[in-house]
Amino acid sequence: MTTRNDDDMTANSLPAPLFLGIDGGGTKTSCVVLNEAAQVVGQGRRGSSNRNSVGDATAAANVAAAIDDALAAAGAAKADVAALCLGMSGVGRPADRALVAGWMDVILPGVPTAIYNDAIIALASGTRGRLFGIVIVSGTGMIVYGFDANGGEARAGGWGPLLGDEGGGYAIGAAVLKAATAAVDDRGPQTALQPALLQHLGLAQPSDLVTWAYAETGWDRIAQLAVLAAECATQGDLVANAILDQAAADLAVAAAAVARRLNLTDAAFPLVFSGGNLRPGPLFERLTQKLAIVLPTAQIRTPQVEPAEAAALLALQGQ
């Protein structure tokens, strides 16, 4: 008969450490639980944790609920968590990170927590947790973020639509609107964007665009029109193609600026495409072509894992 002493039983009963990653977005908050072997053992999802959209109380509550859901799915408890990494927008300033750190002190007291801009998590999603290289994000807005081999950081963009973010969804969508109204006035060339825009929005005539454009605020509704540029460009529309050419040029300029500041222009490095506008398609292809000229040593990549899993990998690696 085999017996074990108390020390063996205590050691074997200790829970294996778990590592949490959180992707806090404008529409949802995702949490992933990894074990020591980097295997996903639990996931949770709740509503937005963008504090600028839903407020601090709701944002913190959604983060806490996503963590609870993920740990429940993993059959684990908060005491099993060894480290956590959280990626979200709006944490670029120390005061913002301190505020979010305060949430985590309440939700998971004593657990080491890293808080990153969501662009950094997007980079990690294409490098499987390695913070080296550059990421280009084009969603509602845009940002380019990078790290050199020594941990030095640089960024371009991320200013918001009023201050820049050329190459982001809002800029592309706004260009679609302007191209359509210019065509109606005969101030610009005729374009398939004009009928496509009316059909997309369910409007009867061009003058209805005024009511639609000014009836509500919000950057997202303009950014969602970027898909029309891709659709019409694929059909050969010259105006739509010009809009995407400009967006690709703007993103390439931002990427080159970050590469120069990190001294990566002559080095091989991963360059990750992220965001809804940089899925395979006409903008993806144009940007790839422009980067081949301005950053020929860049190794283009797409995300290999979801952002929340990338954040968990950073937690596992102690970053």
Backbone N or O of Ala267 within a donor-acceptor pair of the Thr297 side chain at under 3.5 Å? yes
Any side-chain to backbone donor/acceptor pair from Asp80 onto Ala77? Under 3.5 Å, distance only. yes
Is Phe269 reachable from Leu251 through a run of I, L, V, M, F, W or Y residues, each pair having side-chain heavy atoms under 4.5 Å apart? yes
To the nearest 0.5 Å, how far apart are CD in Gln199 and CD in Gln194? 12.0 Å
Quick one: are Val100 and Met88 in side-chain contact, heavy atoms under 4.5 Å? yes
Rounded to the nearest 0.5 angstrom, the CG-CD1 distance for Leu283 and Ile243 is 11.5 Å
Supply the atom-to-atom distance Leu123 CG to Asp118 CG, rounded to the nearest 0.5 angstrom. 12.0 Å
Any sub-3.5 Å donor-acceptor pair from Gln205's side-chain atoms to Leu203's backbone N or O? no
Is it the case that more than 12 heavy atoms not belonging to Glu306 sit under 6.0 Å from its CD atom? no
Flag the pair Arg301 / Leu271 as yes when at least one side-chain heavy-atom distance between them is below 4.5 Å, and no otherwise. no
Interatomic distance, Thr140 atom OG1 to Asp220 atom CG [nearest 0.5 angstrom]: 4.0 Å
Do Trp103 and Asp56 have side chains that get closer than 4.5 Å, going by heavy atoms? yes
Smallest heavy-atom separation, Arg45 atom then Ser30 atom, equals NE-OG, 3.6 Å
Considering all heavy atoms, the nearest Arg221-Glu216 contact: NH1-O, 3.3 Å
Considering only distance and modelled atom types, tabulate donor-acceptor pairs under 3.5 Å from the side chains of residues 163-180, sequence neighbours left out.
| from | atom 1 | to | atom 2 | distance (Å) |
| --- | --- | --- | --- | --- |
| Asp165 | OD1 | Gly158 | N | 2.9 |
| Asp165 | OD1 | Trp159 | N | 2.9 |
| Asp165 | OD1 | Gly160 | N | 3.4 |
| Asp165 | OD2 | Gly160 | N | 3.0 |

Apply side-chain contact (heavy atoms from CB on, under 4.5 Å) to residues Val184 and Leu209 and explain how you reach the verdict. CA-CA 11 Å; Val184 172; Leu209 284 168; 6.0 Å; no
Is Ile120 linked to Leu86 within one hydrophobic cluster, defined over Ile, Leu, Val, Met, Phe, Trp and Tyr using a side-chain heavy-atom separation of less than 4.5 Å? no
When you group the ILVMFWY residues by side-chain heavy-atom contacts below 4.5 Å and let the links chain together, are Leu225 and Val227 in the same group? yes
Closest non-hydrogen atom pair between Ala70 and Cys31, with its separation: CB-SG, 3.7 Å
Can you tell me if Asp237 and Thr191 form a side-chain donor-acceptor pair at under 3.5 Å? yes
Mark yes or no for whether Thr29, through its side chain, and Gly47, through its backbone, hold a donor-acceptor pair below 3.5 Å. yes
For the side chain to side chain contact (heavy atoms under 4.5 Å, CB included) test, which of Ile134, Ile136, Leu264 pairs with Val258? Ile134
Do any N or O atoms from the side chain of Lys78 and from the backbone of Leu71 form a donor-acceptor pair under 3.5 angstrom? no
Residue set satisfying ring-ring contact (aromatic ring centres under 6.0 Å, His included) with Phe284, at least two apart, ordered chain then number -> Phe273
Show the atom names and distances, to 0.1 Å, of all donor-acceptor pairs under 3.5 Å that link a side chain in residues 36-43 to residues at least two apart or in another chain.
| from | atom 1 | to | atom 2 | distance (Å) |
| --- | --- | --- | --- | --- |
| Gln39 | OE1 | Asn35 | ND2 | 2.8 |

Is a side-chain donor or acceptor of Asp185 paired with a backbone partner of Ala182 at a separation under 3.5 angstrom? no
Say whether Leu287 and Val272 are linked into one hydrophobic cluster, either directly or through other cluster members, by side-chain heavy-atom distances under 4.5 angstrom. no
Can you get from Ile121 to Leu34 by hopping between Ile, Leu, Val, Met, Phe, Trp and Tyr side chains that sit under 4.5 Å apart? no
In terms of side-chain geometry, is the basic nitrogen of Asp69 or Arg46 positioned less than 4.0 Å from the acidic oxygen of its partner? yes
Measuring only between side-chain heavy atoms, which start at C-beta, is Leu314 closer than 4.5 Å to Tyr116? yes
Sub-3.5 Å donor-acceptor pair from the side chain of Arg261 to the main-chain atoms of Arg155, do we have one? yes
Could you check whether Asp250 and Gln246, counting side-chain N and O atoms only, form a donor-acceptor pair closer than 3.5 Å? yes
Between the OG atom in Ser49 and the CD1 atom in Ile22, the distance rounded to the nearest 0.5 Å is 8.0 Å
Got a donor-acceptor contact below 3.5 angstrom from the Asp148 side chain to the Gly152 backbone? yes
Quick check against the 3.5 Å criterion: does Asn277 have a side-chain atom that pairs as donor or acceptor with the backbone of Gly139? yes
Quick one: does any side-chain atom of Thr113 pair with a main-chain N or O of Val111 as donor and acceptor, under 3.5 Å? yes
Any chance you could measure Leu295, atom CG, to Arg260, atom CZ, to the nearest 0.5 Å? 9.0 Å
